[in-house]
Amino acid sequence: MQNMRILQLHCDYIEFTPVKKEIKSAEEIDPQSKHFDEIVVAFVAVEEGDNSEVAKKAMNEISESMKKVGCNKLLLYPYAHLSSKLASPNTALSILKEMQSNVDGLDIHSAPFGWTKSYKLQVKGHPLAENSKSISAGEEKESTSEALKAESKIQSFWHIMTPDGKMHDINKFNFVKYQNLEVLAKYEAAKKRSVDEPPPHVKLMKKLAIADYEAASDAGNMRFFPNGRLIKSLIERYVTEQVVEYGGFEVETPIMYDSHHPSMESYFNRFPARQYNVQSEGKQLFLRFAACFGQFLMAKDFQMSYKNLPLRLYELTRYSFRREQSGELVGLRRLRAFTMPDCHAMCKDMEQSKEEFRKRFDLSRHVIKGIGLDESDFEMAIRFTEEFYNENKSFIEEIVSKIGKPVLVEMWKERFFYFVLKWEFNYVDSLGKASALSTDQIDIENGKRYNIEYIDENNKPQNPIILHNSPSGAVERVIYVLLEKAAKDQKEGRKPTLPLWLAPTQVRIIPIKPEFLEYCEKLAEKISQNNIRVDLDDRNESVGKSIRDAETDWIRYIIVIGEKEVNASKLSIRDRKTSSVKEMSVDEMIKEIREETKDMPFLKMNMSRYVSKRPQIMV
RNA sequence: GCCUCGAUAGCUCAGCCUGGUAGAGCGAACGCCUCGUAAGCGUUAGGCCGUGGGAUCGAAUCCCACUCGAGGCUCCA
């Protein structure tokens, strides 16, 4: 596309002298020096294809920005060096003349066209003094992938499927018992939203010193404090352990790729993502928005037999990047940099894919449950092409029946995406926002696109069907869900908590007086040796204050140590879950905690055991 | 990206409409208190009122732009 190039400078003064004619068609003028004070100088290069419309538009933009700097004197200065695709001199001259005559209210001068000029100018120091533009004839459009453009053309039909496999008209379905599903359905199908407050997890993520915005980065790139890092690590570890148990092979692939690599170019147009671009040594790179291509490119280099299938590759991407629209980013719900567990399974045919799909469906349900959500916390949506539905009705019905409640159905008349079937679990928050967590897809396209092959029973090369699963969804989003769920508890009068296995501090010990500190240290050591995160409030504060601080940090077990405990075997332990003080021995408490966190990963405390040694994180 | 709103001490916020010396609580430092299950007491330090411009004798306060955040639109494979 051709663009007129303009470099605009707000100057204290400019002085120029025409030296000699550069081209035949140069303007006939008297080569005298000229001097202007307090003036905006616009260096202009007219490119091939520029026309009157461009001239008009350019003048509008120039005069608009001149208003902002409070100046109405303009010098149009022909300046060929701004472009390598210059218009012919005659066209350029006529467009420049047109620009000069185009605007009311401005005092417009021009420097002679086609002359070599010597000049001297002084540019003002304010931020708006320098400014460059390129003006084109049509609407300016950001380059978007074909997929993004085409997506809006998809024709969808919405239904509700009940566990018995029956499809219901979405407008006639009785949602009385399924309010969250109704919200999801409206959210997805009717695109209805109505919220006038920020989501509660934003306050909580700061209050609990989990995560915060980092203004020095790009929007949607969060920073995680020790508590947040610990929680993330635990979730990451848990999901990874579960995927490995299911049979995933953990791999690691690069976070950036060459946009012009042949495998990338065609994939781009099938994956509607806005990506971050990076220029490096003449290469145009982009930051990955999923682990798909890394794993596909890897699988392509494997020599595979049908006997190896299904082959499950897994990567936990820290990070995946999607340059979402800035207005779309909120707290931990939707980010531009996020941690995504991504597991692909290469399957030999549709039968095997369906079998594998069932396993991964169960895996995802298990993972979500382990994280601390139950089935009433999310609503399922399942999406497929009409053709796939007609050929696989009983398979779809089987999947839906496992959930045991109605699910949202989106059916596409034609296949538009690379997959024929996809489901996801959506968390519906208290403000009625729906966000996808776990998801799986059956991809019938990318095996071929990436030239991934296996050798079948007849010694023939075949492209596998590929399943794309994230058993938990983005880790940051999981934290968002846990915090939103806690906020909901709080709103409804219950005490907000994190699942015990994720609590940064599981037990806090508070000595009544400093003289009991030594006893507390020994106690803490014993508890810690049992893989429990315990800390010690060694600040010289009142007991009431220390307990309050522990409560506002959502700490589950609080042990107060005084004269009585030092001399007895039982401790008084405050349990946040029951809001009561219980008499119990350390061993009983340890047993209780081990029982509640069994099968879940453990990591040591990520900060000093001593509360007095920690900085206050107030954000 | 577009529209609307917001930004004042480390945090939460008042002051802004109607321009004239910058306020509170929490937190921090120091000291006192030595405490039994959700805030013990006192003193002190801490501010380019987000950044840059404009109008004004004078701006946290009025105007403009930018940055960051929030809500809506759009988007969400």
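Computed from heavy atoms alone, side chains included, the values below leave out hydrogens, waters and symmetry copies. Reminder, nothing fancy here: chain letters follow the sequence lines and each chain counts from 1.
Here A/Lys545 reaches the OP1 or OP2 of B/G27: one of its side-chain N or O atoms lies under 4.0 Å away. Proximity of A/Lys433 to the phosphate of B/C75: no side-chain N or O atom is located under 4.0 Å from OP1 or OP2. The shortest distance between the side-chain N/O atoms of A/Ser542 and the OP1/OP2 oxygens of B/G40 is below 4.0 Å. Residue A/Arg574 places none of its side-chain N or O atoms closer than 4.0 Å to OP1 or OP2 of B/G36. At the phosphate of B/U74, neither OP1 nor OP2 sits under 4.0 Å from any side-chain N or O atom of A/Gln325.
The nucleotide whose nearest atom lies closest to any side-chain atom of A/Glu565 is, among B/G36, B/U34, B/C75, B/G36.
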Which atom pairs, one a donor and one an acceptor, fall under 3.5 Å between side chains of residues 508-519 of chain A and the rest of the protein, sequence neighbours left out?
| residue | atom | partner | partner atom | Å |
| --- | --- | --- | --- | --- |
| A/Arg508 | NE | A/Asp535 | OD1 | 2.9 |
| A/Arg508 | NH2 | A/Asp535 | OD2 | 3.1 |

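Looking at which nucleotide of RNA chain B each of A/Arg383 and A/Ser326 is closest to, the 5′-most match is held by A/Ser326. Judged by closest nucleotide on RNA chain B, A/Asp218 is the one of A/Asp218 and A/Glu324 placed further toward the 5' end.
Under a 3.5 Å cut-off, the side chain of A/Glu188 and the backbone N or O of A/Ala185 do not form any donor-acceptor pair.
Considering every non-hydrogen atom in both A/Leu184 and A/Ala434, the closest pair reads CD1-CB, 3.6 Å.
Spacing between B/C16 and B/A22 at atom P, rounded to whole Å, works out to 15 Å.
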